[in-house]
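Written below as structure tokens is the structure these notes are about.
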Amino acid sequence: MKIIYYIIPVIAGWILDLIIGDPHCIYHPVRLIGWLIGKLDKMLYKDTDSNRKKYYKGMLLWVLVMLATGGVTAAGLYIFYRINVTAGLIAESVMCYQLIAAKSLKDESFFKTWLIRIVINESNTLYKARYAVSMIVGRDTEKLDETGITKAAVETVAENTSDGIAAPLFYIVFFGAAGGFMYKAVNTMDSMIGYKNDKYMYFGRFAAKADDVVNFIPARLASWIMIAATGVVQIFSKDKKYNMKDALRIYRRDKHNHSSPNSAHTESVCAGALGVRLAGDNYYFGKLVKKPYIGDDSRPVEIEDIKRVNILLYVTTFLCIIMAAAVRIIIFLGRMCV
């Protein structure tokens with residue numbers, strides 16, 4: 001296989017994401033994974049089961065979803081590559097495109113909150129913005145004010161720079177598009193059943209812990225890449241709000257200010273890079289959840305921070321793509337030498 005074949009799916013997938021994003025008219029494969037999780041949830045979960053039984057049933061759900069996801073994607077790639085290399089590269093490029101979520105993440109946060117804010121200024125109501133941001137966050141949004149809406153959008157982009165960009169690329173690099181989709185399955189299971197509430201405390205525990213494990217390395221890589229991206233933006237942008245030194249300082253200080261071992265890493269970089277304070281207490285399913293702050297309260301969070309964090313997202317994605325392509329080339333050369 002020519003060396004260029006090793007990097008075509010990653011580069012092509014990224015370009016397709018930049019151009020197309022995630023059109024809602026096309027049924028996304030991750031939604032099929034979500035559909036499968038939902039079906040198995042209904043089949044396996046029984047409120048009358050013991051906590052131990054709930055845990056093992058949750059583990060069974062996880063195994064079944066992983067086998068289905070890995071099996072279908074690996075089989076699909078095998079079939080296309082058996083037809084010819086071009087068919088295989090096209091199929092894997094499309095899969096990589098469906099795994100990289102930079103444009104859709106930017107659209108959801110930027111257009112559905114920042115631009116809607118223009119309407120809010122005219123209509124004097126936060127209803128539309130609260131509804132829009134509820135599509136991309138897990139917290140309750142009914143009582144959020146302008147600052148709360150903006151923080152929610154910024155935090156989501158910062159955290160999902162790891163979950164939606166760096167982590168899928170990490171698994172694509174080492175395990176191909178099938179590995180990327182298996183990662184997405186883990187991440188989707190965590191988002192659907194990995195809650196610490198009455199229903200999923202035991203049934204979703206295995207899914208939540210598995211998500212912590214698979215995101216451990218990518219979250220830390222993403223943080224350092226985002227710190228580098230902050231330096232790039234600081235050099236070339238006219239906006240003086242970016243600060244690489246503070247991004248590194250806050251990352252080192254606040255990267256563990258979250259119940260998850262991974263979630264605060266890129267969020268702390270973002271808070272330091274923009275000079276704002278994120279996180280803190282929020283309501284989830286009607287219950288107040290106490291959370292530590294991330295970052296310094298050196299200036300108020302403002303609407304323009306959504307635009308700033310999206311610029312940081314795109315530069316971080318670009319650096320991730322360069323690194324992913326470089327690692328795939330190194331892997332190829334290593335195999336050639338064996």
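A distance-only check finds no donor-acceptor pair linking the side chain of Tyr97 to the backbone of Ile20 [under 3.5 Å]. Formation of a donor-acceptor pair under 3.5 Å by the Gln234 side chain with backbone atoms of Met244 is found in this model. No side-chain donor-acceptor contact under 3.5 Å links Ser162 to the backbone of Glu159. The main-chain N or O of Ala158 is found under 3.5 Å from a side-chain atom of Thr266 such that the two form a donor-acceptor pair. Here the side chain of Asn310 pairs no donor or acceptor atom with the backbone of Lys307 at under 3.5 angstrom. The backbone N or O of Ser191 lies less than 3.5 Å from a partner atom in the side chain of Tyr195, making a donor-acceptor pair. Without hydrogens or angle criteria, Asn187 side chain to Tyr183 main chain gives no donor-acceptor distance under 3.5 Å. Distance alone, capped at 3.5 Å, places no donor-acceptor pair between the Asp17 side chain and the Gly13 backbone.
In this structure, OG1 in Thr188 is found 11.0 Å from CG in Leu32, a value given to the nearest 0.5 Å. Atom CD1 of Ile165 is separated from atom CG of Leu319 by 12.5 Å, given to the nearest 0.5 angstrom. Atoms CD1 and CZ, from Ile193 and Arg205 in turn, are 12.5 Å apart once rounded to the nearest 0.5 Å. In this structure, OG1 on Thr161 lies 10.5 Å from CD1 on Ile225, to the nearest 0.5 angstrom. Note that CG of Asn262 is 7.5 Å distant from CG of Asp211, once rounded to the nearest 0.5 Å. Distance check: Ile11 CD1 to Leu16 CG gives 11.5 Å after rounding to the nearest 0.5 Å.
Linking Ile, Leu, Val, Met, Phe, Trp and Tyr residues whenever their side-chain heavy atoms come within less than 4.5 Å leaves Val72 and Ile79 in two separate clusters. Ile294 and Tyr242 fall into different hydrophobic clusters, where Ile, Leu, Val, Met, Phe, Trp and Tyr residues are linked whenever their side-chain heavy atoms come under 4.5 Å apart, directly or through other members. Residues Phe318 and Ile227 fall within the same hydrophobic cluster, defined by Ile, Leu, Val, Met, Phe, Trp and Tyr side chains chained together at heavy-atom separations under 4.5 Å. Taken together through direct or relayed side-chain contacts under 4.5 Å among Ile, Leu, Val, Met, Phe, Trp and Tyr, Phe332 and Ile322 form part of one hydrophobic cluster. The same ILVMFWY cluster, assembled from side-chain heavy atoms under 4.5 Å apart, contains both Leu60 and Tyr45.
In this structure, the side chains of His265 and Trp224 stay at 4.5 Å or more apart for every pair of heavy atoms. Within the 4.5 Å cutoff, side-chain heavy atoms of Tyr171 are placed close to those of Pro218. Proximity of Ser268 to Asn257: side-chain heavy atoms (C-beta onward) are nowhere separated by under 4.5 Å. Contact of the Ser260 side chain with the Asp212 side chain is registered, since non-hydrogen atoms from C-beta on lie closer than 4.5 Å. Using a 4.5 Å cut-off on side-chain heavy atoms (C-beta onward), Ile250 and Val269 make no contact. You'll find the side chain of Met66 reaches within 4.5 Å of the side chain of Val186, heavy atoms only. Contact of the Leu274 side chain with the Arg299 side chain is registered, since non-hydrogen atoms from C-beta on lie closer than 4.5 Å. Taking the side chain as every heavy atom from C-beta outward, Met226 and Val315 never approach each other to under 4.5 Å.
Among pairs with a residue in residues 55-80, those fulfilling ring pair (Phe, Tyr, Trp, His ring centres under 6.0 Å) read Trp62-Phe206, at least two apart in sequence or across chains. Pairs engaging residues 249-262 under the salt bridge (Lys or Arg N to Asp or Glu O under 4.0 Å) rule: Asp246-Arg249, Arg249-Asp296, Arg253-Asp296 [sequence neighbours left out].
Taking every heavy atom of both residues into account, Gly88 and Leu77 meet most closely at O-CD2, 4.5 Å. Scanning both residues, Val276 and Pro300, for their nearest heavy atoms gives CG1-O, 4.4 Å. The two atoms that bring Pro29 and Gln98 nearest to each other are CG-OE1, 3.3 Å, heavy atoms only. Arg308 and Asp239 get closest at one heavy-atom pair: NE-OD2, 2.6 Å. Arg328 approaches Ile7 most closely through the heavy-atom pair CB-CG2, 4.2 Å. Shortest non-hydrogen contact noted between Glu92 and Pro9 is CG-CB, 3.7 Å.
Aromatic ring pairs are classed by plane angle as parallel below 30°, tilted from 30° to 60° and perpendicular above 60°; the pair Phe203 and Tyr200 is tilted.
Other residues, nucleotides and ligands place more than 12 heavy atoms under 6.0 Å from the NZ atom of Lys46. Heavy-atom contacts from other residues, nucleotides or ligands closer than 6.0 Å to CD1 of Ile331 number more than 12. More than 12 heavy atoms of other residues, nucleotides or ligands sit less than 6.0 Å from atom CE of Met192.
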Yes or no on side chain to side chain contact (heavy atoms under 4.5 Å, CB included) for Phe170 and Met323, after CA distance, side-chain angles and deciding distance?
CA-CA 10 Å; Phe170 178 84; Met323 289 188 65; over 6 Å; no
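Taking Asp41 as the reference, Lys199 meet the salt bridge (Lys or Arg N to Asp or Glu O under 4.0 Å) condition, with sequence neighbours excluded.
Checking each of Leu99, Ile172, Val327 against Val10 for a side-chain contact (heavy atoms from CB on, under 4.5 Å) leaves exactly one that passes, namely Ile172.
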